[in-house]
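Nothing fancy with the numbering, it's 1 onward along the sequence. Quantities reported herein were computed from a predicted structural model and do not represent experimental measurements.
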Amino acid sequence: MNRTARAFWLDSPGRGVIREVGLPAPGADEVLVRSLYSGVSRGTETLVFRGGVPESQHAAMRAPFQEGDFPAPVKYGYLNVGVVEEGPEALVGRTVFCLYPHQTRYVVPAGAVTPVPDGVPAGRAVLAGTVETAVNALWDAAPLVGDRIAVVGGGMVGCSVAALLARFPGVRIQLVDADPARARTAAALGVGFALPGDALGECDLVVHASATEQGLGRALELLRPEGTVVELSWYGDRKVSLPLGEAFHSRRLAIRGSQVGTVSPARANRTYADRLALALDLLADPALDALVTGESAFEELPDVMPRLASGETPALCHRVRYDTP
């Protein structure tokens, strides 16, 4: 077998290239995976592409199979679905998800891949990492039956959270975004939609994922007294101002951070593998196809990534297709 592959690297901030890389023969406890699809998480990955990871967060932001260092050159990404071509008999031929960057083939420990359930198409399974973030956020947020909830920010993470909340009985759930086009996504996910100025208030819980200080300010405004904002946004090297004067203290509001790098303490008996397996099971819902808003071939990534980073190509999850067998 040809022991080479092609990988997408950030050569310098704002400039990506495809490089040929060598592959080792898989060991006894390793697998060789041929990529079918990978996903570009527009928020985090485009921030990395712009060189916006602050130096203090270089270690925290490392992806599991990242090569190189921030700001560049770096091989970065974590939404990959492929087929096991070599490895333990139980895995050969299986479609698997792995937290691997954009690369045509790769070798990883067998324990680093998770089989995709039979009812989940490979093209949808690229969403597993983002749905896993949503699962962790809801473990942190602990929504209750009948809660009034808003999700502010209709990007990939916000929409994933809203999609899972739509399954909770008796909740009033609105997706809030400044882009009216997100109304179509909300409808596909089975949740309500509102522009920021029209959103319903008196919320027990607001999940914030817009990565803007305006969105976070609006999230606080939507809370009932003693309500909580769960903050999922990653701001990179940007400074954020918050309206913590006015009625913030008298209304006893709370802001709580949530980050997928740690399993929520509310589910301390769960492992990372448990959480990812749950996310893949949840992807049996075809409504989540609404989160994949574009697709291109792997070879096009050097031209596609700048357009995603600038917003010229709007996207939630942009899917990368690997056409070469």
Exercise for the section: Inspect the surroundings of CZ in R148 and state if more than 12 heavy atoms from other residues, nucleotides or ligands are less than 6.0 Å away. Expected result: no
Note: S233 and A211 closest approach over all heavy atoms is OG-N, 2.8 Å
When every non-hydrogen atom of P306 is compared with those of G14, the smallest separation belongs to CG-O, 4.2 Å
Using modelled atom types only, decide if a donor and an acceptor are shared between the side chain of E300 and the backbone of A297 within a distance under 3.5 Å.
yes
Quiz item: Are D69 and R62 within salt-bridge range, i.e. N to O under 4.0 Å?
Solution: yes
Is the shortest side-chain heavy-atom distance between V83 and R94 below 4.5 Å?
no
Tightest non-hydrogen contact, residues A315 and T293, listed as CA-OG1, 3.3 Å
Which donor-acceptor pairs under 3.5 Å do side chains of residues 112-125 form with protein atoms, sequence neighbours excluded?
residue : atom : partner : partner atom : Å
R124    : NE   : D289    : OD1          : 2.8
R124    : NH1  : L283    : O            : 2.9
R124    : NH1  : A284    : O            : 3.4
R124    : NH2  : D289    : OD2          : 3.1

Worksheet entry | Any donor-acceptor N/O pair, T212 side chain to G215 backbone, under 3.5 Å | yes
Quick one: does any side-chain atom of S310 pair with a main-chain N or O of R307 as donor and acceptor, under 3.5 Å? yes
Does R275 reach the side chain of L278, with side-chain heavy atoms less than 4.5 Å apart? no
- Query: Are I18 and L308 connected in the hydrophobic side-chain network, where two residues link if heavy atoms are under 4.5 Å apart?
  - Reply: yes
S56 and H58: side chain donor to acceptor below 3.5 Å: no
Interatomic distance, CG@D323 vs OG1@T104, rounded to 0.5 Å, equals 12.0 Å
Are any of the side-chain nitrogens in E213 or K239 under 4.0 Å away from the carboxylate oxygens of its partner? no
Does Y37 offer a backbone N or O that forms a donor-acceptor pair with the side chain of R321 under 3.5 Å?
-> no
Could you check if a side-chain atom of L316 sits within less than 4.5 angstrom of a side-chain atom of R182, using non-hydrogen atoms only?
-> yes
Margin query: A side-chain contact here means heavy atoms from C-beta on lying under 4.5 Å apart; do V31 and P88 qualify?
Written below: yes
Distance col, row L138:CG vs S264:OG, nearest 0.5 angstrom, shows 10.0 Å
Checklist entry - When you measure from the side chain of E89 to the backbone N and O of L91, does any donor-acceptor pair fall under 3.5 Å? => result no
Does the side chain to side chain donor-acceptor pair (under 3.5 Å) test come out yes or no for T313 and H318, once each step is laid out? CA-CA 10 Å; T313 300; H318 185 87; over 6 Å; no
Between T46 and A309 (side chain of the first, backbone of the second, donor and acceptor by atom type, cut-off under 3.5 Å), is there such a pair? no
- Query: When you check the gap from the basic side-chain N to the acidic O, do D11 and R19 get nearer than 4.0 Å?
  - Reply: yes
For R218 and P196, the nearest pair of non-hydrogen atoms, with its separation, is NE-O, 2.8 Å
dist I255:CD1 -> E231:CD (nearest 0.5 Å) comes out at 7.5 Å
So CG of L79 and CG of L99: to nearest 0.5 Å the spacing works out to 7.5 Å
In this structure, OG1 of T228 is separated from CG of D204 (nearest 0.5 Å) by 9.5 Å
In E67, R6, K75, the residue satisfying side chain to side chain donor-acceptor pair (under 3.5 Å) with Q103 is K75
Shortest non-hydrogen pair, C317 vs G39, comes out as SG-CA, 4.1 Å
Exercise for review: For the residue pair L291 and L189, establish whether any side-chain heavy-atom pair is separated by less than 4.5 Å.
Suggested key: yes
With sequence neighbours left out, the residues meeting side chain to side chain contact (heavy atoms under 4.5 Å, CB included) with E226 are R224, R252
What one should report as the nearest heavy-atom pair of Y78 and E45 is CE2-CG, 4.4 Å
Worksheet entry | Donor-acceptor contact below 3.5 Å, side chain E132 vs main chain A128 | no
query = Do T4 and V21 have side chains that get closer than 4.5 Å, going by heavy atoms?
reply = no
Check: Do V145 and V171 come within less than 4.5 Å of each other through their side chains, counting heavy atoms only?
Finding: no
Just distance, no hydrogens or angles: give the donor-acceptor pairs under 3.5 Å from side chains in residues 155-170, sequence neighbours left out.
residue : atom : partner : partner atom : Å
S160    : OG   : M156    : O            : 2.9
R167    : NH2  : L282    : O            : 3.2
R167    : NH2  : D285    : OD2          : 3.2

Given the options Y100, W9, F70, Y76 meets ring pair (Phe, Tyr, Trp, His ring centres under 6.0 Å) only with F70
Let me check something: do V108 and Y272 share a hydrophobic cluster, defined by ILVMFWY side-chain heavy atoms less than 4.5 Å apart, either directly or through other members? no
One pair to check against salt bridge (charged side-chain N to carboxylate O under 4.0 Å, His left out): R34 and E85. What are the steps and the verdict? CA-CA 7 Å; R34 172 173 56 86; E85 293 190 321; 2.9 Å; yes
CD1 (I149) and CZ (R172) are apart, to the nearest 0.5 Å, by 9.5 Å
> Using 4.0 Å as the upper bound for N to carboxylate O, is an ion pair formed by R3 and E86?
Replying inline: yes
Exercise for the section: Kindly assign one of parallel, tilted or perpendicular to the pair F8 and H102, based on the angle between their ring planes and the thresholds 30° and 60°. Expected result: perpendicular
>> Less than 3.5 Å apart, any donor N or O on the side chain of N80 or S35 sitting next to an acceptor on the other?
In response: yes
Note to self: Tell me if a side-chain donor or acceptor on Q174 pairs with a main-chain N or O of L200 at a distance below 3.5 Å.
What the structure shows: yes
Check: Is the side chain of D140 donor-acceptor paired with the backbone N or O of A137 at a distance under 3.5 Å, no angle test?
Finding: no
Q. Can you list the steps and then say if T133 with N136 is a side chain to side chain donor-acceptor pair (under 3.5 Å)?
A. CA-CA 5 Å; T133 300; N136 205 61; over 6 Å; no
Give a yes or no on whether V40 and V53 share a hydrophobic cluster (residues Ile, Leu, Val, Met, Phe, Trp, Tyr; joining criterion: side-chain heavy atoms under 4.5 Å apart).
-> yes
**Item:** Side-chain heavy-atom pair Y322, S38 within 4.5 angstrom cut-off
**Value:** yes
Q. Under a single-linkage definition using a 4.5 Å side-chain heavy-atom cutoff for Ile, Leu, Val, Met, Phe, Trp and Tyr, are L253 and V240 assigned to the same hydrophobic cluster?
A. yes
Practice prompt. Spell out, yes or no, whether Y106 and V81 are grouped together once hydrophobic residues are joined by side-chain heavy atoms under 4.5 Å, including indirect joins.
Written response: no
